[in-house]
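All chains are named by letter (A, B, ...) in the order of the sequence lines, taking the proteins before the strands, and each is independently numbered beginning at 1.
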Amino acid sequence: MSEIKVRFAPSPTGYLHVGGLRTALFNFLYAKKVGGKFVLRIEDTDQKRKVEGATENLLSTFDKIGISFDEGPTQGGENGPYFQSQRLEIYKNHIKKLLDDGNAYPCFCSSERLEQIRTEKMAKKETPKYDRHCLNLSKSEAQERMKHEPFVIRMKIPDDEEIVFFDVVRGRVAIPTAEIDDQVLIKTDGFPTYHFANVVDDFLMGISHVIRGEEWLPSTPKHTLLYRFLGWKLPKFVHLPLLLNPDKSKLSKRQGDVAVEDYLKKGYLPEALLNFVALLGWNPGDNQEIFSLAELEQKFSLKRVQKGGAVFDIEKLKWMNGQWIRNEKIEKIAELGKPYFLEANLDISDNRKFLAVIENARKRVDTIPEMLEHSLPFYRDLEFSETDLELLKSESSQKVVKFWAEKLAEKTNWSEPEIKNLVKETIEETGIKGKDLFFPLRLALFGATQGPDIPALIEILGVAESVKRLKI
RNA sequence: GGCCCGUUCGUCUAUCGGUUAGGACUCCAGGUUUUCAACCUGGCAAGAGGGGUUCAACUCCCCUACGGGUCACCA
């Protein structure tokens, strides 16, 4: 019984994509579920696309979101290094076997020539494949030219064969070899391509399950062939359904936020994001929808991974985030909201008041920063429009407001039932009720006729401030 | 275009041949709160089409349609 080991292998191109988050999460959950190991490997074999700080960025996002690795750049491990750019020697060692066995060959064609055959084939509506121009060079000639000419190393795809592999979610997949190009394995700059590096590393790192996005399905035959050439046992392949834009195309930047950081900045909780993304392409089989990470770790199963792509529906994410905001401990939500209040220059030093304010606001929002707009009247002087003032200055309103100011001032502790009693008392004393009673009160206390109910308002404001506001 | 994968309410999804096809988001209505929100209840809304197999098909098979992915010295 060999060990279960999975990996997340992003290329460091800047930020963590929500699709990447989902892939990482499923890997993580599977590892947790079966007691396996989770590896982070940075696929930085493209020198041209290197982005400064991208890896640090990735790491910090995972840190915030609560996904951790057993092996990787920060925690090390016996299979390192975990940057492909630091494993060049390893790839060179393995390409040699391919070359010796005739399963790979050097190619000296210029990119111009490649471009030319591609356009020619496209014009003839043929699949643009390499014409194997360099395949039949004699060994000695090739050897000689390798000394002073730039070259790549290509994989020699067998003729007329059907490559069959079994995907854990899709079952049997078969692709004819005629469809596969003689893939470049080593680039002119000596770096490996994804296809080669990922196979070598997955094997050397002992990866048992390759869990990745469906976009890799068509190139999987190249990988299985490589395993065959190298004489290695195949890992299990698990291709996850794609995350989609509302128009069903592959989730992309063009149609909205796609970086996990963007969502975090907008006030989505890591827990909600994880919860939401977990349910895209997987479900527990019952009707539960709100899950903590710990619960997911327990319930996750590859058997319940979907085949079809899933649209990333922001409306549902918002709802789910609202659920988390309402159900998390109030102190935690307050802590998350704090920076926004401080930035607005509000004095939130009275913690009792702040918690009450947050308790009121959290019921009305989908994201953290939205709490601010629902809380402003508790911290700032109220501003009244002409019509507001008209309402407040009316005889009836003044009667209500004065009555309350007077009564409230009688003592400092008012319970909710007592406030409700005061409402009854007001009706009895003044005969004013309904809208005529509640609108002036709420307007005076909160600056709007719609909002929190009166007991809540007084609870948050405190008796002294309430009395002050009622004297208008 | 070739190849590959996919297809249940608008969206996320349940259903392992026999169900009034269930839940959630959105939307609508009602309740609660004499307001708003939250919350509760209810409602609208689905098996792409056509052939088989079977006593019975959303479920198994085939074809068609549609959607997507992929065809780089990017991953």
I'd like to know if A:Lys420 and A:Glu416 make a salt bridge, using a cut-off of under 4.0 Å between side-chain N and carboxylate O.
yes
Across the strands shown, which category fits A:Arg170 at heavy-atom distances under 4.0 angstrom: base, sugar-phosphate, nothing?
sugar-phosphate
Sugar-phosphate only, base, or nothing, as touched by A:Thr13 at under 4.0 Å among non-hydrogen atoms
nothing
Are A:Ser396 and A:Ser394 close enough that a side-chain donor and a side-chain acceptor fall under 3.5 Å?
no
I need a per-nucleotide contact map over nucleotides 32-49 of chain B, read 5' to 3'. Cutoff is protein heavy atoms under 4.0 Å; write B for the base, S for backbone only, - otherwise.
--BBBBSS----------
Nucleotide paired to B:U11 in any strand shown, Watson-Crick or G-U, under 3.5 Å
B:A24
Which of B:C73, B:U7, B:G10 is nearest the side chain of A:Arg154? It is B:C73
Sequence neighbours left out, what passes side-chain hydrogen bond (donor to acceptor under 3.5 Å, both in side chains) with A:Asn360? Give chain and number order.
A:Arg364
Do A:Asn321 and A:Tyr263 meet the criterion of a side-chain donor-acceptor pair at a distance under 3.5 Å?
no
Here the distance between atom C1' of B:U11 and atom CE of A:Met320, to the nearest Å, is 13 Å
Pairwise P distance, B:C36 and B:G23 [rounded to whole Å]:
28 Å
Below 4.0 angstrom, N of the basic side chain to O of the carboxylate: do A:Arg254 and A:Asp247 qualify?
no
Restricting to side-chain hydrogen bond (donor to acceptor under 3.5 Å, both in side chains), what partner residues turn up for A:Thr426, sequence neighbours left out?
A:Trp404
Integer-rounded Å distance: B:G23 P and A:Lys316 NZ
13 Å
How many whole angstroms separate atom CD of A:Glu215 from atom C1' of B:A75?
9 Å
Atom C1', compared across B:A46 and B:A21: separation rounded to whole Å
9 Å
A:Trp216 atom CH2 is separated from B:G68 atom C1', nearest whole Å, by 17 Å
